[in-house]
Amino acid sequence: MTKKQKYEFIVKYFSEKMPDPKTELKYTTPYELLVAVVLSAQCTDKRVNMVTPNFFKRFPTVDTLAEGSIEEIFDLIRSISYPNNKSKHLHGMAQMLLKSFNGEIPSDVDELQMLPGVGRKTANVIASVIFNKPAMAVDTHVFRVSKRLGLTPNAKNPLDTERELVKHFKEEQIPNAHHWLILHGRYTCFARKPNCKECGLTPVCSYYLDSSSM
DNA sequence: ATCCCGAGGG
DNA sequence: CCCTCTGGAT
């Protein structure tokens, strides 16, 4: 089985199982998604979705957030990971959006990464989900699942993974592929104990094939 | 004890 | 490259 055949098998499988995969973060505007993704670092989407309704009621726009204090932001997100860092990041992010980007969310990955709290992964999510760009966001799930399947056998870090995946998936497949790999990691290919019994990808999965042959 | 849609700083 | 931030679920 060549690498190309492996990618084709996997695309076919996911296309049928998840024809229209989407993020599980709740949002209604680009601003809301940006906030939600920043909050999602090392935190489950479910927990983020527990705090964002109140957060967006209090801070519905970039302008309102920019006027809020770090302390008030902290109080609204205190139940998720790293509230100290994230409240400072969100506050600084709103300031920079007003000052340097006219209050609009930029579509360029490099510009997005200039924002406090926005790294490569978050920037790629916004570029892909909001602006439909072929940006491959690599989080913990994408990194792990890609490696196990054998899509990125030599990747040593998320950036390696991103480059390899972008090279092999067709451009129009990338936004879906991002969500496919995340959702597969979240509901089947668990970090601790992957549920290979319920997985239809075992015929092409390096992790499964290696572990079952011993 | 380990993991969750990471980012920033040294 | 490494470390720190640091809450809640399993």
Side-chain angles (χ1 to χ4, degrees), chain A residues 14 18 20-27 30 32-52 54-55 70-71 73-97 105-106 109-131 133-149 151-152 154-162 165-166 169 174-195 207:
Chain A
F14 283 138
M18 297 182 260
D20 189 25
K22 283 180 292 201
T23 177
E24 295 181 346
L25 293 169
K26 289 187 209 155
Y27 71 98
E32 288 190 1
L33 181 65
L34 180 57
V35 171
V37 178
V38 168
L39 291 177
S40 74
Q42 293 297 292
C43 186
T44 58
D45 285 2
K46 198 171 289 184
R47 293 214 62 77
V48 173
N49 289 335
M50 289 173 70
V51 306
T52 45
N54 278 334
F55 189 98
I70 294 177
E71 290 73 20
I73 296 171
F74 177 90
D75 286 336
L76 285 167
I77 66 169
R78 61 160 70 244
S79 67
I80 65 172
S81 316
Y82 314 134
N84 240 310
N85 287 342
K86 288 173 182 176
S87 55
K88 289 175 193 161
H89 288 156
L90 288 175
H91 184 262
M93 188 181 84
Q95 310 302 321
M96 189 182 285
L97 282 171
I105 313 292
V109 171
D110 293 326
E111 291 185 338
L112 283 164
Q113 280 192 258
M114 293 167 63
L115 300 168
V118 178
R120 189 172 186 89
K121 179 258 169 178
T122 301
N124 280 331
V125 171
I126 301 301
S128 168
V129 175
I130 299 297
F131 298 104
K133 293 195 174 182
M136 189 72 198
V138 178
D139 68 347
T140 177
H141 292 303
V142 175
F143 181 70
R144 178 183 73 255
V145 172
S146 300
K147 206 163 177 61
R148 280 190 181 153
L149 286 171
L151 295 175
T152 57
N154 301 319
K156 292 194 174 70
N157 52 59
L159 187 56
D160 289 347
T161 303
E162 180 184 330
L165 292 179
V166 166
F169 281 114
I174 288 177
N176 278 351
H178 161 68
H179 290 115
W180 283 335
L181 293 169
I182 287 177
L183 295 171
H184 185 63
R186 188 175 300 163
Y187 295 114
T188 305
C189 195
F190 308 122
R192 308 182 195 190
K193 192 166 176 271
N195 190 4
Y207 176 89

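Chain letters run A, B, ... following the sequence lines, proteins first and then strands; every chain starts at 1.
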Where each residue is assigned the nucleotide of DNA chain C containing its nearest heavy atom, which of A:N157 and A:R192 is assigned the position nearer the 5′ end? A:N157

Return the 5'-most residue of the pair A:R78, A:K156 with respect to DNA chain C, ranking by each residue's nearest nucleotide. A:K156

With rounding to the closest Å, how many angstrom separate the [atom1] atoms on [N] and [M]?
N	M	atom1	value
C:dT6	B:dG10	P	16 Å
C:dC5	B:dC3	C1'	16 Å
B:dC4	C:dC1	C1'	24 Å

Tell me, please, which residues at least two apart from A:H184 pass ring pair (Phe, Tyr, Trp, His ring centres under 6.0 Å). A:F14

Would you please name every residue forming a ring pair (Phe, Tyr, Trp, His ring centres under 6.0 Å) with A:F169, sequence neighbours left out? A:Y7

Could you give all pairs that pass the side-chain hydrogen bond (donor to acceptor under 3.5 Å, both in side chains) test and reach residues 32-42 of chain A, with sequence neighbours left out?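 Passing the test, one end in residues 32-42 of chain A: A:T28-A:E32.
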
Does anything in residues 135-146 of chain A pair up under side-chain hydrogen bond (donor to acceptor under 3.5 Å, both in side chains), and if so which pairs, sequence neighbours excluded?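 For residues 135-146 of chain A, and leaving out neighbouring residues, the side-chain hydrogen bond (donor to acceptor under 3.5 Å, both in side chains) pairs sorted by first residue read A:H141-A:R144.
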
Could you give all pairs that pass the salt bridge (Lys or Arg N to Asp or Glu O under 4.0 Å) test and reach residues 73-90 of chain A, with sequence neighbours left out? A:D75-A:R78

Covered region of DNA chain C, 5' end to 3' end, by chain A [heavy atoms, under 4.0 Å]: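 Span of nucleotides near chain A: C:dC5 to C:dT10.
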
May I ask you to say what A:R47 touches in the nucleic acid, namely base, sugar-phosphate or nothing, with a heavy-atom cut-off under 4.0 Å? sugar-phosphate

Could you pull out all residues at least two apart from A:N176 that satisfy side chain to side chain donor-acceptor pair (under 3.5 Å)?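 Listed in chain order: nothing, the list is empty.
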
Quick one: are A:I105 and A:I130 in side-chain contact, heavy atoms under 4.5 Å? no

Return a table of donor-acceptor pairs under 3.5 angstrom between the side chains of residues 109-122 of chain A and protein atoms on other chains or two or more places apart.
{"residue": "A:R120", "atom": "NE", "partner": "A:E162", "partner atom": "OE1", "Å": "2.7"}
{"residue": "A:R120", "atom": "NE", "partner": "A:E162", "partner atom": "OE2", "Å": "3.3"}
{"residue": "A:R120", "atom": "NH2", "partner": "A:E162", "partner atom": "OE2", "Å": "2.9"}

Summarise how protein sits on nucleotides 4-10 of chain B as a single string, 5' to 3': B when a protein heavy atom is under 4.0 Å from the base, S for sugar-phosphate-only contact, - for no contact. BBBSS--

